[in-house]
Amino acid sequence: ASALSSSGTAAGVGVDQELISSVPSWNPTFVERNFTDAEISYCRSQPSPPSSFAARWVGKEAVFKSLGVASKGAAAAMKDIEILPNETGVPTVTLHREAKAAADSKGIKQILVSLSHSETVAIAFAQAST
Amino acid sequence: ASALSSSGTAAGVGVDQELISSVPSWNPTFVERNFTDAEISYCRSQPSPPSSFAARWVGKEAVFKSLGVASKGAAAAMKDIEILPNETGVPTVTLHREAKAAADSKGIKQILVSLSHSETVAIAFAQAST
Amino acid sequence: ASALSSSGTAAGVGVDQELISSVPSWNPTFVERNFTDAEISYCRSQPSPPSSFAARWVGKEAVFKSLGVASKGAAAAMKDIEILPNETGVPTVTLHREAKAAADSKGIKQILVSLSHSETVAIAFAQAST
């Protein structure tokens with residue numbers, strides 16, 4: 001019964017925002033360190049690649065916050081949090097390596113994310129559930 | 001058991017933001033196409049109608065995102081997503097027509113929304129649950 | 001069965017934003033009325049106390065909205081909504097007095113919150129669950 005009753009419980013939320021101009025998507029080192037090949041292809045195919053990279057970047061930060069793990073250091077692998085549109089265009093989270101291990105260790109089974117950008121600001125919200 | 005355990009599961013989230021000045025609430029065609037009569041009356045009764053229309057507009061966008069349906073076209077009926085305060089002032093979502101059909105087809109039983117506006121920016125968050 | 005199935009159900013969400021410059025954290029009366037001693041100590045220990053006070057302030061507003069109670073008056077005790085980092089740095093909500101009574105009366109058992117600030121804007125999101 002306790003397993004049943006805890007199914008679908010919200011375990012963490014995350015919100016993040018950045019000025020689009022402050023996300024250095026023009027810098028190949030930043031991009032390659034933090035985005036997967038599929039994310040890079042997707043963002044470069046969009047009408048405004050800087051906006052898409054920035055939205056995805058704050059999305060990764062929001063997902064990281066929703067995991068509720070200890071503060072990341074400089075070596076944190078944001079590339080391990082991959083956000084790609086599913087077949088209906090909804091941003092969908094896939095975790096790899098350490099991010100996946102952190103989620104598994106907390107029993108997190110689902111992470112939802114939403115992204116938004118205006119002309120200047122990118123905002124994201126994430127919710128992790130057990 | 002599986003029906004029980006999936007009750008209340010988060011099915012989608014949505015975040016949206018706009019500059020208040022970029023939501024054309026001074027345009028009667030825009031207003032009548034996108035807001036219900038009750039929404040229009042409510043927004044016009046508020047201290048700053050442009051802020052109220054803008055907050056409600058991003059609320060509709062956030063709810064739309066939380067439904068996780070395919071990208072809307074120019075003909076999307078945002079009027080089918082109605083957001084009005086309940087008796088305690090909490091913004092409450094009622095879906096009509098296509099928006100209701102989309103939610104029903106995905107088993108979505110509840111959509112929560114919150115709205116916020118500063119002097120220049122309106123932000124909304126929505127969460128859909130089965 | 002109904003108790004089981006309603007466990008973990010989302011009961012309310014809240015989003016709020018403010019310009020950091022519009023939160024009067026330089027004003028000791030404002031600070032002492034709205035923040036607990038532990039919050040004040042924490043915010044003053046951070047790299048940018050005005051940003052930390054502003055983020056916490058919008059966090060309290062977001063939590064208040066997530067409770068879904070009637071509009072607060074001038075006398076509302078935002079000090080009763082305390083937000084402090086837990087041992088892993090995750091902002092964690094503790095309710096006191098009237099805020100606790102309001103949550104208890106609605107069966108709210110968990111409130112999650114996330115905070116974010118850019119150089120100019122603080123944003124928070126909260127989710128209350130039964």
Side-chain angles (χ1 to χ4, degrees), chain A residues 1-23 54-55 57-73 76 102-103 105-118 120-130, chain C residues 1-20 42 46-47 51 54-56 58-63 65-66 83-93 107-130:
Chain A
S2 72
L4 268 180
S5 66
S6 68
S7 174
T9 301
V13 293
V15 66
D16 199 58
Q17 61 174 334
E18 291 281 357
L19 284 171
I20 293 169
S21 61
S22 77
V23 177
W57 175 251
V58 296
K60 290 168 186 261
E61 292 278 3
V63 169
F64 184 85
K65 288 181 175 182
S66 78
L67 293 175
V69 294
S71 181
K72 64 183 186 302
S105 75
K106 304 191 75 164
I108 290 169
K109 294 194 184 62
Q110 174 183 260
I111 301 177
L112 299 172
V113 72
S114 184
L115 313 177
S116 170
H117 56 79
S118 67
T120 54
V121 177
I123 292 184
F125 171 76
Q127 180 185 324
S129 304
T130 56
Chain C
S2 73
L4 268 181
S5 66
S6 68
S7 174
T9 301
V13 293
V15 66
D16 199 58
Q17 61 175 336
E18 291 281 357
L19 284 170
I20 292 169
Y42 174 75
Q46 293 303 104
S51 301
R56 209 143 251 93
V58 296
K60 289 168 186 264
E61 292 278 2
V63 169
K65 288 181 175 184
S66 78
I83 305 177
L84 288 168
N86 73 3
E87 69 281 2
T88 50
V90 177
T92 304
V93 179
I108 290 169
K109 294 191 185 66
Q110 174 184 260
I111 302 177
L112 299 172
V113 72
S114 184
L115 314 177
S116 171
H117 56 79
S118 66
E119 284 188 29
T120 55
V121 177
I123 292 184
F125 170 76
Q127 179 184 325
S129 303
T130 56

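Just so we're on the same page: letters track the sequence lines, and every chain starts at 1.
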Checklist entry - What part of C:E119 gets closer than 4.5 Å to chain A, counting heavy atoms only: side chain, backbone, both or neither? => result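 For C:E119, no heavy atom lies under 4.5 Å from chain A.
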Next on the checklist: Is C:A122 close to chain A through its backbone or its side chain, or both, or neither, when contacts mean heavy atoms under 4.5 Å?
Outcome noted: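 C:A122 touches chain A through backbone heavy atoms alone.
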Next on the checklist: With a 4.5 angstrom heavy-atom cut-off, is it the side chain or the backbone of A:A62 that approaches chain C, or both, or neither?
Outcome noted: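 When you check distances to chain C, no heavy atom of A:A62 falls under 4.5 Å.
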Checklist entry - Which residue out of C:L115, C:V90, C:L112 racks up the most heavy-atom pairs below 4.5 Å with chain A? => result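 Sorted descending by pairs with chain A, the first entry is C:L112.
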Item to check | Largest heavy-atom contact set with chain A, pairs under 4.5 Å, which of C:P91, C:S118, C:S129 | outcome: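 Most heavy-atom pairs under 4.5 Å with chain A: C:S118.
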Item to check | Residue-level contacts of residues 13-23 of chain A with chain C, using a heavy-atom cutoff under 4.5 Å | outcome: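 Only A:V13, A:G14, A:V15, A:D16, A:Q17 of residues 13-23 of chain A have a heavy atom under 4.5 Å from chain C.
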Checklist entry - When rounded to the nearest 0.5 angstrom, what is the spacing between CG in A:L67 and OG1 in C:T88? => result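 It comes to 11.0 Å.
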Next on the checklist: side-chain contact (heavy atoms from CB on, under 4.5 Å) for A:K65 and C:S116? Distances and angles first, verdict last.
Outcome noted: CA-CA 10 Å; A:K65 288 181 175 182; C:S116 171; 3.7 Å; yes
